[in-house]
Amino acid sequence: MKLAIEELENVLNSIKIESAEELENFKLTYLSRKGKLSALIQQFRTVAPEDKKTFGKPINILKKKYEVFLTEKQKIFCEGKKDSNLFDNDIPLNAKKYGSLHPIKITENKIYEIFYSMGFDLREGPEIEDDWHNFTALNFEEEHPARDMQDTFFIGEKVLRTHTSSVQIREMEKGTPPFRIVMPGRVYRNEAISSRSNCFFHQIEGLYIDKGVNFADLKQTLYSFVQQLFGPNTKIRFRSSYFPFTEPSAEMDIWAGLDTEDARRLTKGTGWLEVMGCGMVHPNVLTNCNIDPEVYSGFAFGMGIDRMTMLKYNIGDIRDLFNNDTRFLKQFEGEI
Ligand code: PHE
């Protein structure tokens with residue numbers, strides 16, 4: 001027994017521990033339940049009572065020495081490791097991270113602000129629509145190809161709205177003229193996904209109904225809007241077009257230029273980017289909403305917010321807007 005005590009004392013004087021792993025081995029060999037120190041203590045329990053005095057004290061001292069040794073080594077290899085790896089003491093206390101607005105929301109806010117300054121109010125409608133509000137009330141013929149399965153996502157009897165024009169109908173059915181409102185929201189179309197188009201995107205619908213509203217009002221309103229959003233030198237053009245719910249109808253393009261490869265791809269080499277459809281509200285639509293087309297007239301427009309965002313921030317691929325890559329989104333931090 002005396003020998004065993006001496007041996008264990010020598011271990012403490014000679015053993016070299018240079019890593020957390022070595023310390024772990026040391027604990028296993030000497031201090032675990034089946035370790036050498038435990039074995040010695042077990043053995044001590046069986047010695048004759050007259051020998052207990054002789055060995056009791058040195059064994060207690062030995063045990064203490066092992067505990068001190070262990071704590072010291074743990075300070076070096078375990079707590080030291082904890083400090084350097086688990087805790088970064090250099091992180092500033094005020095390093096809070098806030099989210100930021102998505103570029104589409106930022107653009108939507110800017111667009112709304114401009115129309116608000118021209119007297120337009122904000123309205124919203126549902127994304128799951130019935131046929132009446134999405135098509136029929138908007139003067140789509142029963143056979144119109146836009147109702148085709150290829151363009152529209154159906155949910156049973158209902159559809160995912162293909163445009164925000166459905167909200168025009170809801171608002172006109174609810175109220176009485178005059179109307180001067182903008183209606184932002186998400187819309188869905190069963191389209192092939194590319195750098196220019198996605199199967200869902202965002203629109204802002206505009207509606208102005210009053211006595212004596214004409215096409216010149218439409219052009220001037222949109223012209224003034226574009227100058228405010230993109231700056232006073234922005235070039236636009238109107239092309240005649242067709243929508244069942246407006247007559248006459250037009251398409252408005254913005255000059256994006258041909259200077260960069262993104263601009264050339266986005267505009268299919270023309271330099272012009274189509275950003276909205278517009279026109280004078282068709283008399284049938286007014287009638288469908290119980291508004292007398294002999295008394296009232298008005299214009300409507302529906303613009304793609306995603307395309308406006310791409311133009312405003314030089315984004316070459318619409319899919320970048322929906323990948324949620326934080327490196328992309330971080331560029332818009334601080335904008336409102
Ligand atoms: N709803 C049309 C579209 O999504 C745009 C539009 C709105 C055209 C209002 C005319 C008037 O393409």
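Just so you know, ligand 1 is whichever comes first in the structure, and atom 1 is the first atom listed for that ligand. Residue numbers start at 1 and run along the sequence shown.
Atoms of ligand 1 lying under 4.0 Å from any heavy atom of Gly277, numbered from 1 in the order shown and given with element: 6 (C), 7 (C), 8 (C), 10 (C). Annotation for ligand 1: atoms under 4.0 Å from non-hydrogen atoms of Gln203 are 3 (C), 4 (O). Residue-ligand proximity, Cys278 to ligand 1, at heavy-atom distances under 4.0 Å covers atoms 8 (C), 10 (C), 11 (C). Close contacts between ligand 1 and Ala300 involve ligand atoms 9 (C), 11 (C) [criterion: under 4.0 Å to a heavy atom].
Between Lys174 and Glu171 there is a salt bridge, since at least one side-chain N of the basic residue sits less than 4.0 Å from a carboxylate O of the acidic one. Salt-bridge annotation for Lys268 and Glu274: absent, with no side-chain N of the basic residue lying under 4.0 Å from a carboxylate O of the acidic one.
Nearest protein heavy-atom contact of atom 2 (C) of ligand 1 is Phe245 CZ, 3.8 Å. If you check which protein heavy atom lies closest to atom 7 (C) of ligand 1, you get Gly302 N, 3.3 Å. Looking only at heavy atoms of the protein, atom 3 (C) of ligand 1 is closest to Arg189 NH2, 3.6 Å.
Ser166 and Asn134 share no side-chain donor-acceptor pair at under 3.5 Å. Residues Glu333 and Ser100 bring no donor and acceptor atom of their side chains to less than 3.5 Å of each other.
Cation-pi geometry between Lys52 and Phe44 is satisfied (NZ or CZ under 6.0 Å from the ring centre, within 45° of the ring normal).
Considering backbone and side-chain N/O of His163, one or more are found under 3.5 Å from N/O of ligand 1. The shortest N or O to N or O distance between Ser165 and ligand 1 is below 3.5 Å.
Ring geometry for His163 against Phe135 counts as tilted: the plane angle lies between 30° and 60°, on a 0 to 90° scale.
Within a 6.0 Å sphere centred on CZ of Phe328, other residues, nucleotides and ligands contribute more than 12 heavy atoms.
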